[in-house]
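Computed over heavy atoms, backbone and side chain alike; hydrogens, waters and symmetry mates excluded.
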Amino acid sequence: EMGRPRLQSYMLTLSFARSGDVFRKLRLDTIFLNYWSGFTSYAADGVFAVMLVIVTSLEARAMIRERKKRKLWKYVRTGWFLLQVTTAAMGWIILLGYLYSNNQLGPVKKELDYIVAARDADTPAARNFLGDSFIDTAGKYASFAGNLAIAVAQYHLLLMMRFFVAFRAQPRLGVVVNTLEACMLDILHFLVILGPSGVAYAISGCFIFGKRLEEFSDIKAAIGICFEIMVESNYEWPSLSEEHYWTAALWVWSFMIFLAVLMLNMVLAIILDVYSEQRKSAGKSENVIETFTSFYTVFKNRDRWVGTKKAIAALKTAPRMFSREEFLKLFPGMVDQQANIIISDCLAATQNIHAGPDQMKHTMRMAMALKVAMDQVAEAVDELDSGSYRPTDGVPELKQENWINEINKEMASQNHAMMSLQWQLQQLNWQWQSLDMAHGKGTVFNVSAVDAPKATGKIL
């Protein structure tokens with residue numbers, strides 16, 4: 001960059017406060033007369049253009065595919081589509097801006113050559129009117145180049161967001177993205193309180209310090225310095241307390257306690273709480289090294305590697321549960337590495353489901369449902385043993401004419417009660433089998449404390 005010829009302009013703006021202080025602002029604009037510094041710049045912009053064409057082509061292909069499936073409207077409403085379209089659109093705008101900026105650089109260089117030639121010819125200033133025209137042309141170009149630089153800076157932030165979303169393909173890296181996505185709504189609600197509070201302190205600082213401190217001379221500068229104080233917890237106390245000591249102390253102390261300590265730590269608490277849940281849900285997922293190892297394994301065994309679509313199509317006709325040997329029979333040509341990866345991933349997914357944060361909640365619900373059914377069965381057995389059982393399924397009570405009819409009715413009632421009891425026991429058996437399938441045999445649940453139930457034993 002130091003070897004590229006350039007033009008620079010300096011603008012010094014002085015502002016006078018009512019208290020007599022002088023505020024200064026320096027603006028520096030630079031115009032590079034050579035748009036590309038060398039082969040590296042050409043290569044970088046060329047790679048950017050090629051990648052932009054590839055991304056645009058892939059997105060157009062995806063839209064055509066979804067249109068054939070009649071799911072285009074559903075696809076265009078997804079967040080990934082909006083991010084892709086915005087990335088491609090801004091990329092083309094910046095690329096066209098580069099070309100336009102390079103095209104507009106020609107008149108600037110041409111007028112500069114005229115000025116240099118007039119200087120060498122020692123043309124008097126009274127007859128040389130090229131300076132005003134050159135300043136106007138160069139100023140317009142510098143303004144466009146400055147706006148283009150801002151657009152490029154914002155485009156890098158958009159690319160960073162796209163990289164974050166793309167990292168979700170890796171489970172460990174996806175924890176960060178899932179955390180930001182999960183806590184975004186809570187943070188937005190929190191900003192409803194934090195935003196007005198920060199603006200209120202900025203306006204208050206303008207009234208207290210604005211007449212003598214440049215940092216609080218206007219609202220925008222006050223908001224910026226308040227944000228800096230809140231994040232860095234660093235402020236110039238001698239300057240703030242130079243006038244109206246106790247007023248400045250009340251402003252600073254309340255700001256530090258309310259915003260810098262309470263509000264900022266609450267934001268961190270929200271993010272860390274969500275992160276712990278997402279990390280627990282991720283379980284023992286593969287790390288980045290294992291991901292690159294998997295890529296190498298797929299590339300090494302690419303001739304015998306079973307594709308995802310083919311595997312899904314074959315598994316649709318397979319039973320819901322099958323052994324490793326039955327799985328290998330479905331794919332006789334599958335390499336051992338792929339089979340081991342699939343089976344280990346299935347086991348890891350099962351462990352994550354059983355060890356998730358909501359698993360204990362569901363387990364206790366099932367245990368309490370079993371307890372209610374067992375209590376009903378125990379009450380029915382006690383009533384049958386004491387002879388006081390009365391069925392609750394709507395058996396009509398008939399008038400007893402003699403003792404034979406009374407015995408027949410009693411036997412019918414007992415038979416109906418036994419059938420009802422058998423049905424309840426069968427339901428209990430099914431529920432118990434569901435618990436065995438979910439947690440494994442040998443699991444013991446302590447349901448004695450109904451208010452705070454806890455599960456003990458081994459949970460698979």
Side-chain angles (χ1 to χ4, degrees), residues 1-16 22-57 85-163 214-215 217-218 220-221 224-225 228:
E1 295 294 339
M2 297 302 297
R4 296 171 62 186
R6 71 194 71 187
L7 296 175
Q8 292 181 336
S9 66
Y10 300 88
M11 179 181 295
L12 179 62
T13 303
L14 300 177
S15 301
F16 299 93
V22 180
F23 300 149
R24 65 192 181 277
K25 181 179 180 182
L26 178 63
R27 179 177 177 179
L28 172 64
D29 292 328
T30 303
I31 298 176
F32 290 98
L33 299 180
N34 291 337
Y35 205 78
W36 287 279
S37 60
F39 176 77
T40 305
S41 298
Y42 283 109
D45 290 341
V47 171
F48 171 72
V50 171
M51 296 299 295
L52 187 60
V53 171
I54 293 175
V55 171
T56 305
S57 302
V85 170
T86 306
T87 304
M90 285 196 64
W92 284 111
I93 291 173
I94 291 174
L95 187 60
L96 295 176
Y98 281 155
L99 298 177
Y100 179 79
S101 179
N102 185 38
N103 185 38
Q104 293 298 315
L105 187 59
V108 176
K109 296 170 66 176
K110 186 176 181 180
E111 292 188 11
L112 179 62
D113 293 338
Y114 288 157
I115 292 176
V116 172
R119 183 198 63 184
D120 295 339
D122 199 13
T123 303
R127 291 183 297 172
N128 187 1
F129 301 100
L130 297 175
D132 295 336
S133 176
F134 174 74
I135 291 176
D136 183 62
T137 304
K140 292 180 180 179
Y141 178 81
S143 177
F144 178 80
N147 294 330
L148 182 61
I150 295 175
V152 173
Q154 301 300 326
Y155 186 64
H156 280 78
L157 298 180
L158 182 63
L159 290 178
M160 181 192 66
M161 294 178 58
R162 187 178 183 275
F163 287 145
E214 185 178 2
E215 294 83 359
S217 59
D218 58 2
K220 294 188 293 184
I225 194 63
E228 179 182 355

Got a sec: does the OH of Y114 have more than 12 other heavy atoms crowding it under 6.0 Å? no
Tell me the closest heavy-atom pair linking A151 and I94, and the distance in Å. O-CD1, 3.9 Å
If I take atom CD1 from residue I93 and atom CG from residue L95, how far apart are they, to the nearest 0.5 angstrom? 11.0 Å
Testing the basics here: between Q104 and V108, what is the closest heavy-atom pair and its distance to 0.1 Å? O-CG2, 3.8 Å
Please report the shortest heavy-atom distance between G97 and F144, naming the atom on each side. O-CE2, 3.8 Å
List the steps, then state whether side-chain contact (heavy atoms from CB on, under 4.5 Å) holds for T86 with L158. CA-CA 8 Å; T86 306; L158 182 63; 3.7 Å; yes
Under 3.5 Å, side chain of S57 to main-chain N/O of V53, donor-acceptor pair present? yes
From D113 atom CG to K110 atom NZ, the distance as rounded to the nearest 0.5 Å: 10.0 Å
Roughly how far, to the nearest 0.5 Å, is the OH atom of Y98 from the CG atom of N102? 12.0 Å
How far apart are the closest heavy atoms of A221 and E214, and which atoms are they? CB-O, 4.3 Å
Please assess Y141 against S101 for the test side chain to side chain donor-acceptor pair (under 3.5 Å), listing each intermediate value before the final yes or no. CA-CA 8 Å; Y141 178 81; S101 179; 3.1 Å; yes
d(L12 CG, L28 CG) to nearest 0.5 Å is 12.0 Å
Begin from the C-alpha positions of K140 and D136 and carry the test salt bridge (Lys or Arg N to Asp or Glu O under 4.0 Å) through to its verdict. CA-CA 6 Å; K140 292 180 180 179; D136 183 62; 3.6 Å; yes
Within a 6.0 Å radius of atom CE on M11, are there more than 12 heavy atoms belonging to other residues, nucleotides or ligands? no
What's the spacing between I135 CD1 and I115 CD1 if we round to 0.5 Å? 7.5 Å
State, yes or no, whether a side-chain contact exists between Y100 and L148 at a heavy-atom distance under 4.5 Å. no
Can you check whether L7 reaches F134 side chain to side chain, under 4.5 Å on heavy atoms? yes
Heavy-atom pair with the smallest gap, counting every atom of A88 and L52: O-CD1, 3.8 Å
Restricting to pairs with a member in residues 29-45, which pass salt bridge (Lys or Arg N to Asp or Glu O under 4.0 Å), not counting sequence neighbours? R27-D29
Atom pair CD (Q154) and CG (L159), whose distance is rounded to the nearest 0.5 Å: 11.5 Å
Taking every heavy atom of I225 against every heavy atom of E215, the minimum-distance pair comes out as CG2-O, 3.8 Å
Could you check whether any side-chain heavy atom of K109 comes within less than 4.5 Å of a side-chain heavy atom of I31, counting everything from C-beta outward? no
